[in-house]
There are 2 protein chains.
Amino acid sequence: MSNTDFRLTPQRKIILEELMETDTHLTAAEVYEIVRARLPRISLGTVYRNLETLSQLGMIQKLEVGGTQKRFDGKTNIHYHVRCLSCGRVDDAPIEPQTALEEAIEGLTDYEIIGHRLEFVGLCLKCGKKPGGEARTRA
Amino acid sequence: MSNTDFRLTPQRKIILEELMETDTHLTAAEVYEIVRARLPRISLGTVYRNLETLSQLGMIQKLEVGGTQKRFDGKTNIHYHVRCLSCGRVDDAPIEPQTALEEAIEGLTDYEIIGHRLEFVGLCLKCGKKPGGEARTRA
DNA sequence: TCAATATTAGTAATGATAATTATTATTGAA
DNA sequence: TTCAATAATAATTATCATTACTAATATTGA
């Protein structure tokens with residue numbers, strides 16, 4: 001039996017392609033909407049299942065940013081994010097991984113430290129302008 | 001009309017007391033369980049509503065840590081957290097706020113930066129020991 | 001004392017995600 | 001090639017966390 005029985009189905013291929021082509025980071029629902037333009041019969045469950053599978057295989061990254069929905073990232077290297085408090089948009093943060101942070105707490109807690117997540121919050125270009133554009137998304 | 005019509009009901013008082021007394025950071029469901037020992041007839045909805053109200057008033061803090069559930073903190077000052085990847089437990093991280101981080105990205109993004117969140121992940125004392133104790137909670 | 005308002009318990013509704021299931025597609029060995 | 005084994009799908013249902021609704025109770029201040 002081959003344990004390499006991962007099949008790059010049309011659904012998976014297109015999900016991957018669309019994730020690669022976006023510079024922001026999409027929710028499962030957003031991926032579903034976008035992919036549906038090319039595969040109208042795909043189901044939301046398939047999107048969820050494959051986003052999970054692909055991130056399990058390390059081909060994409062499941063992000064744990066604030067807000068109520070998970071977001072997915074075509075880039076798998078370690079990097080940080082900026083999130084808009086108004087519309088929920090998430091972009092990459094142009095700052096290098098701060099390894100010094102983990103060294104700083106090493107030994108100061110009972111925890112075996114494995115990693116860290118840094119997320120900046122603020123207002124994106126679009127939401128920062130208009131004065132009524134705040135507090136749209138919950139937390 | 002007084003706009004100071006916040007009433008410190010027994011429910012709210014006890015929720016606050018219990019939050020203050022814990023060193024870790026509880027989910028709404030955990031608060032519910034603990035408070036129920038003293039107020040058996042309280043409802044889960046009341047717990048959620050009051051956790052929201054109290055954090056809105058700045059008396060407690062609603063945390064946006066990873067995992068599927070929000071957590072609540074009796075301390076309202078700015079500080080960081082460590083989260084156990086196995087059991088989900090969240091403790092304070094003994095490290096000062098890194099104001100330099102926000103200065104570092106200032107001007108490098110289109111965002112108006114308002115703040116940042118830093119969360120360390122790892123294994124707590126209990127989960128780090130036992131070899132089967134990993135990957136209990138999702139993400 | 002009483003009407004206005006706040007809060008509650010209980011329950012139903014929502015939204016995000018995961019599990020189930022029956023069907024379709026793909027593979028690799030005979 | 002053909003066919004049984006396996007993988008993946010679409011569609012549906014279930015689950016979990018959270019929020020909204022509602023009718024009843026409690027509190028306040030005139």
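Nothing here was measured: the structure is a model prediction, and the numbers come from that model. Values below: every heavy atom of this structure, side chains too, minus hydrogens, waters and symmetry copies. A, B, ... follow the sequence lines: proteins, then strands. Residue 1 opens every chain.
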For atom CD of Glu64(B) and atom P of dT18(D), their distance in whole Å: 11 Å

Sugar-phosphate, base or nothing in reach of Arg49(B), heavy atoms under 4.0 Å: base

Rounded distance (Å) that lies between atom P of dT9(D) and atom CG of Asp5(A): 13 Å

Basic-acidic side-chain contact under 4.0 Å: Lys126(B), Asp110(A): no

For Glu18(B), all residues meeting side chain to side chain donor-acceptor pair (under 3.5 Å), sequence neighbours excluded: Arg38(B)

Nearest-Å distance for atom pair CZ/P, residues Phe6(B) and dT28(D): 12 Å

Test: Arg36(A) and Glu33(A) ion pair at under 4.0 Å: yes

Leu8(B) vs Gly45(B), nearer the 5' end of DNA chain C by closest nucleotide: Leu8(B)

Length of the line joining Leu51(A):CG and dA18(C):C1', which is rounded to integer Å: 13 Å

Any donor-acceptor pair under 3.5 Å from Gln98(B) side chain to Glu96(B) backbone: yes

Whole-Å distance separating the NZ atom of Lys13(B) from the P atom of dT7(C): 17 Å

dT8(C) phosphate, OP1 or OP2, under 4.0 Å from Thr9(B) side-chain N/O: yes

Within the 6.0 Å centroid threshold, strictly below: Tyr111(B) and His81(A): no

Within one Ile-Leu-Val-Met-Phe-Trp-Tyr cluster: Leu101(A) and Val82(A), side-chain cutoff 4.5 Å: yes

Exam field: side chain Gln11(A) to backbone Val47(A), donor-acceptor pair closer than 3.5 Å: no

Glu52(B) CD - dC21(D) C1' separation (whole Å): 17 Å

Phosphate contact (dA18(C) OP1 or OP2) by Tyr48(A) side-chain N/O below 4.0 Å: no

From dT17(C), dT18(D), dA7(D), nucleotide with atom closest to Lys70(B) side chain: dT18(D)

Phosphate contact (dA8(D) OP1 or OP2) by Arg12(A) side-chain N/O below 4.0 Å: yes

Atom pair distance, as rounded to whole Å: NZ in Lys62(B) and P in dT18(D): 8 Å

Whole-Å distance separating the CZ atom of Arg7(B) from the C1' atom of dT7(C): 7 Å

Touch class at under 4.0 angstrom, heavy-atom based, for Thr46(A) against every strand present: base

Residues in contact with DNA chain C, drawn from residues 30-44 of chain B - heavy-atom cutoff 4.0 Å: Arg41(B), Ile42(B), Ser43(B)

Nearest-nucleotide 5' precedence on DNA chain D, Pro10(B) against Thr27(B): Thr27(B)

